[in-house]
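Atoms considered below: every heavy atom in the structure, side chains included; atoms not considered: hydrogens, waters and symmetry mates. Each ligand, and each atom within it, is numbered from 1 in the order the structure gives.
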Amino acid sequence: MSPEPTHQALDFDAVAKKALADMPPETRFGPKDAEVLERNAEVLLSVREAFVKGFYDMLFAHPETRAVFEEGERAEREKTLSAFYERVVKGPHDDEFFAWLAFVGPVHVVRGVTNPMMLAMLGYMVEFVREKTQGLADHEALVAAFTRLAATLGAIITYGYEMAWKKALEHVVGIPPALAERAAHEEATRLFPLRSHGRG
Ligand code: HEM
């Protein structure tokens with residue numbers, strides 16, 4: 001489940017730290033959010049099966065996401081998502097946790113899962129918690145914690161995705177990451193000249 005240092009193509013810890021550093025602190029999952037989750041662990045774990053079932057029912061009902069899966073794979077996927085949910089709820093939410101999240105992103109790149117698919121399911125996660133924790137004293141705090149968790153995961157996943165592409169460009173075609181970045185920036189400026197800052 002956790003990243004294996006000997007086979008690392010990406011420095012997961014660095015990916016997580018860079019993604020977190022780019023986020024204003026108020027938007028990041030933090031120690032207070034972890035406390036709220038841990039305090040409500042029992043109720044959150046009581047709906048774990050429903051979370052997993054709803055997640056995969058949705059992915060299997062939509063042709064674009066269904067196409068990612070191989071025959072007979074669902075049971076295994078349900079197990080890993082269930083373990084993910086448990087780790088999210090129980091913690092510990094330490095550096096290793098965020099590095100692991102940075103590892104989970106590229107795992108999906110390998111299978112052709114797109115960023116829109118990933119971000120969509122982070123939205124599902126927040127909505128699920130909103131619905132299942134209605135009426136609890138910590139309802140607002142739980143929704144806020146999961147919203148920040150989704151933003152944090154989204155930041156780490158999309159950053160990991162970008163890093164995986166840069167690594168591939170470097171490894172396969174020999175383009176150094178800094179050059180790829182400059183080319184992307186120049187190309188974007190060429191395509192959208194009027195949208196750069198201060199030009200309306
Ligand atoms: C909120 C978004 C998601 C989370 C948190 C999540 C979480 C995970 C986790 C923890 C694993 C196991 C990683 C490992 O330890 O090897 C995994 C694997 C996988 N997930 Fe997701 N997932 C998400 C979205 C998706 C989506 C949208 C799809 C497909 C449309 C998907 C398809 C898969 C597949 C195919 C694997 C197996 C990868 C492999 O080892 O070949 N996931 N996911």
Side-chain angles (χ1 to χ4, degrees), residues 1-13 15-16 19-20 23 27-29 33-34 37 41 44-45 47-133 142-165 167-168:
M1 188 203 280
S2 48
E4 287 190 23
T6 47
H7 297 107
Q8 252 173 236
L10 279 177
D11 180 347
F12 299 113
D13 195 49
V15 168
L20 291 170
M23 300 176 73
T27 67
R28 270 185 235 147
F29 183 85
D33 298 319
L37 261 56
L44 290 170
L45 286 176
V47 292
R48 173 162 63 165
E49 261 179 48
F51 171 78
V52 172
K53 184 177 185 312
F55 190 97
Y56 282 108
D57 279 354
M58 209 173 257
L59 292 181
F60 275 77
H62 182 58
E64 278 72 9
T65 43
R66 170 75 187 85
V68 168
F69 300 101
E70 285 158 11
E71 259 341 283
E73 190 183 1
R74 180 162 172 164
E76 194 51 40
R77 294 284 59 83
E78 290 191 343
K79 255 192 249 163
T80 50
L81 190 71
S82 188
F84 164 84
Y85 185 82
E86 185 174 351
R87 176 70 195 262
V88 161
V89 169
K90 285 190 181 165
H93 305 91
D94 48 13
D95 282 356
E96 199 197 313
F97 171 67
F98 290 110
W100 175 57
L101 297 179
F103 156 78
V104 168
V107 164
H108 292 86
V109 179
V110 176
R111 295 294 300 269
V113 181
T114 64
N115 276 336
M117 292 174 186
M118 294 299 287
L119 299 181
M121 296 320 283
L122 291 174
Y124 160 83
M125 181 178 75
V126 176
E127 283 311 305
F128 177 88
V129 169
R130 185 196 308 284
E131 193 189 304
K132 297 294 182 193
T133 61
L142 276 165
V143 173
F146 271 89
T147 301
R148 279 189 284 267
L149 176 69
T152 306
L153 253 166
I156 294 175
I157 286 169
T158 50
Y159 190 58
Y161 197 96
E162 191 183 315
M163 295 305 289
W165 269 89
K167 280 268 170 198

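- Atom numbering of ligand 1 starts at 1 in the shown order; those under 4.0 Å from a heavy atom of Glu73 are 35 (C).
- For the ligand labelled ligand 1, residue Met125 lies outside the 4.0 Å heavy-atom shell.
- Figure legend: Arg74 and Phe60 shown as a cation-pi pair, the cationic atom lying under 6.0 angstrom from the six-membered ring centre and within 45 degrees of its axis.
- Between the choices Asn115, Ile157, Val104, the shortest heavy-atom distance to atom 9 (C) of ligand 1 belongs to Val104.
- The closest heavy-atom contact to atom 31 (C) of ligand 1, among the options Glu70, Glu76, His108, comes from His108.
- Between Glu73 and Arg111 there is a salt bridge, since at least one side-chain N of the basic residue sits less than 4.0 Å from a carboxylate O of the acidic one.
- The closest heavy-atom contact to atom 5 (C) of ligand 1, among the options Phe84, Tyr85, Tyr124, comes from Phe84.
- What you find for Asp33 and Arg28 is that their closest heavy atoms are OD2-O, 3.7 Å.
- The closest approach between any non-hydrogen atom of Phe103 and ligand 1 is below 4.0 Å.
- Remark: ligand 1 atoms within the under-4.0 Å shell around heavy atoms of Leu122 are 1 (C).
- Here is the list of ligand 1 atoms found below 4.0 Å of a heavy atom in Met117: 27 (C), 30 (C).
- Contact record, Thr114 with Tyr161: CA-OH, 4.3 Å, taken as the closest heavy-atom pair.
- Residue contacts with ligand 1: Arg111 is placed with a nitrogen or oxygen under 3.5 Å of a nitrogen or oxygen of the ligand (distance criterion only).
- Here the shortest heavy-atom pairing between Val47 and Phe128 reads O-CZ, 3.4 Å.
- Electrostatic pairing of Arg87 and Asp94 counts as a salt bridge here, judged by a charged N lying under 4.0 Å from a carboxylate O.
- Using cut-offs of 30° and 60° for the angle between ring planes, the Trp100 and Phe84 rings count as tilted.
- Between Val52 and Leu81 the shortest heavy-atom distance is CA-CD2, 4.1 Å.
- Under 4.0 angstrom from ligand 1, the non-hydrogen atoms of Phe55 all belong to its side chain.
- For atom 4 (C) of ligand 1, the nearest non-hydrogen atom from the set Arg87, Met58, Met118, His62 belongs to Met118.
- Atom NE2 of His93 and atom CZ of Phe98 lie 7.5 Å apart (nearest 0.5 Å).
- Residue Phe69 touches ligand 1 through its side chain alone, judged by heavy-atom distances below 4.0 Å.
- Only side-chain heavy atoms of Leu59 come within less than 4.0 Å of ligand 1; its backbone N, CA, C and O stay farther off.
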